[in-house]
Every structure is written in C-alpha cells, then in structure tokens.
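Read the numbers this way: they start at 1 and go in the same order the structure lists the ligands and their atoms. Excluded from the calculations below are hydrogen atoms, water molecules and symmetry mates; all remaining heavy atoms, backbone and side chain alike, are included.
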Amino acid sequence: MKIEVLGCYGGVDPKHNPVTFLINERYLLDAGTIVKELDINRQKNIESICITHCHLDHIKDLCFLADNLILSGNPNGTIKVYGIEPVLNMLKKFIMNNKIWPDFFEIKGTKGDNILKLVPIDMGKKTQFGKELNIEAVKTCHSCDSSGFIIDDGVKSVVYTGDTGPCNALWEKISKLKNLRAVFIEISFPNHMKELAKITGHLTAELFLEEIKKLKNKGKISFYIFHIKPHFLKDIKKEIKALKMDNVHILDDGDVIEIN
Ligand SMILES: [Zn+2]
Ligand SMILES: [Zn+2]
C-alpha cells in the first residue's frame, strides 16, 4: 500500500497543507489538499474518497476537485464519497447546497454521470473501497460528528484517525485487528495546551502516549503523526522526539510511505 502525503497539517500557511492522504494513486483519505498538489491528470485518477468529518481543513478541496473535473469532462465517471451518514449529510446540507458551492452530487458531467456520489457507510461495517481495498468506519472523539477509518487490502491494514481526542472506543476496536501495520494519528497541540486539546477533541504528545497504551495488538506497529498546528510545529516536534520511540514518525507534506 503506497500512501502519499498531499497535506498533513492542522492548519494552513505558505509551507503547510491541510490533511489529505493519497493511497495507490486512486483513493483519498480526506480532502483538505488535492488540487494544489495533484495536476489535472492525477486528479482524474481519483476514484473514491473517504471523509472523516466536515471541518473545512478536511473537505475544502472536494469542492475544487469537483469543479476541475466537470471542466475537464468528468472522463472517468463518478467519484464516490464515503463517510458516516451524519458527516455526508452535513457536506450536502452546508457545503454543496447550491449556496456555498454548487451541488456536485446532482450536477452531471458531459457523459451523463454525476460528478460525485454520496456513499453512506455504517460504523463498524466493512465496505468495499475501490477495487483493491476495504474500509471500515471507527469511532473517534472529536468536536463534531466524525469517524476514523480502517483501510485493509486483504493482507494488512492501517488506521487513519482523522481528528480525535482521547477515545477508548477507538483503541478497543483497533486492538482487535490482527494485521495492523500502522496508525496515522493526530497530534495537534503542545503539551501545555492539554486542556484545550481535550475540549476541542485533539491530542498532545503526552495524550498520544496515554492513548497508545490502550492498544493491545502484538507485533510492531508504526505511528505516523499528522495534524500538527504549524504555529506550534517546533515545540510539538520536540515533545514528540522526547518520547524516544523509534516507531513514531512525524509526517511532512510530500512524504511517501510504503506499508508492507
Ligand atoms: Zn482538522
Ligand atoms: Zn476537525
């Protein structure tokens, strides 16, 4: 499984993109950064996207991707947008509602296909995600309706938390995965902002350490850290390095990870 980091930060400035991961050239986890990093030919390769929650840093480029695809004739058909029902409902009601942005779930391309299609998934139920992968939504604890995802290619699985604060249900669920190789997990705030992190449904390096103690899986699991607030980047990196864990990796935009 090849995972390319199009964006991995919990904020935006000239050097840092909001969160999106591209799997095997065709599948996206969240949609914070797409059109700035993928040229139009690579945008046309996208088949399916899963959305963890509706905060703008995770969805904004879905709007611009849809716009680019209709202009280029929507050559590869409809893109499926997966997520738990409350998240997809918000996307349609508050974003692509023909007021904030055109409703690309209804608009058709030149071949008559819809540009985007909503695919609601039930929490805890495995769902086919493109030809190669299965996804399963897992509970996360954020400040709005949200889920993380288990992504499984039949041999190995990875977990993508999206945004989450401390969350027992998440760790109970993923502790049962026998083929888990990696967890992509957020750390947003420095340790001294622990209370704000908890209130807003995020983690600090210290909270991350407490959380991963809940993981019962045997075998070595890698942790890839994303969603660092660029404003606190130096401090948070220092705090993560102070954990002295060789299986914890801090992501940067443009990184490519092979999960074997
Ligand atoms: Zn976020
Ligand atoms: Zn969020």
Q) Under 2.8 Å from the Zn ion (ligand 2), which protein atoms of type N, O or S occur, listed by chain and number? A)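 Within the sphere that stays under 2.8 Å of the Zn ion (ligand 2), the protein atoms of type N, O or S are H53 NE2, H55 ND1, H142 NE2, D163 OD2.
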
(Q) For E106, give me all partners under salt bridge (charged side-chain N to carboxylate O under 4.0 Å, His left out), at least two apart in sequence or on another chain. (A)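 K92.
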
Q. When you check the gap from the basic side-chain N to the acidic O, do R26 and E47 get nearer than 4.0 Å?
A.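 The answer is yes: the pair qualifies as a salt bridge.
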
Q | D57 bridged to K60 by N-O distance under 4.0 Å | A |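 Salt bridge: no.
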
**Q.** Where P230 and D13 come nearest, the two heavy atoms and their spacing
**A.**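 Nearest pair, atom of P230 first, then D13: CB-OD2, 3.6 Å.
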
Q.
My understanding is that only residues two or more places apart in sequence, or in another chain, count here; which of them pass side chain to side chain contact (heavy atoms under 4.5 Å, CB included) with N45?
A.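 Applying side chain to side chain contact (heavy atoms under 4.5 Å, CB included) to N45 gives E25.
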
Q) Quick one: disulfide bond (SG atoms under 2.5 Å apart) partners of C63, sequence neighbours excluded? A)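 Result, disulfide bond (SG atoms under 2.5 Å apart) vs C63: none returned.
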
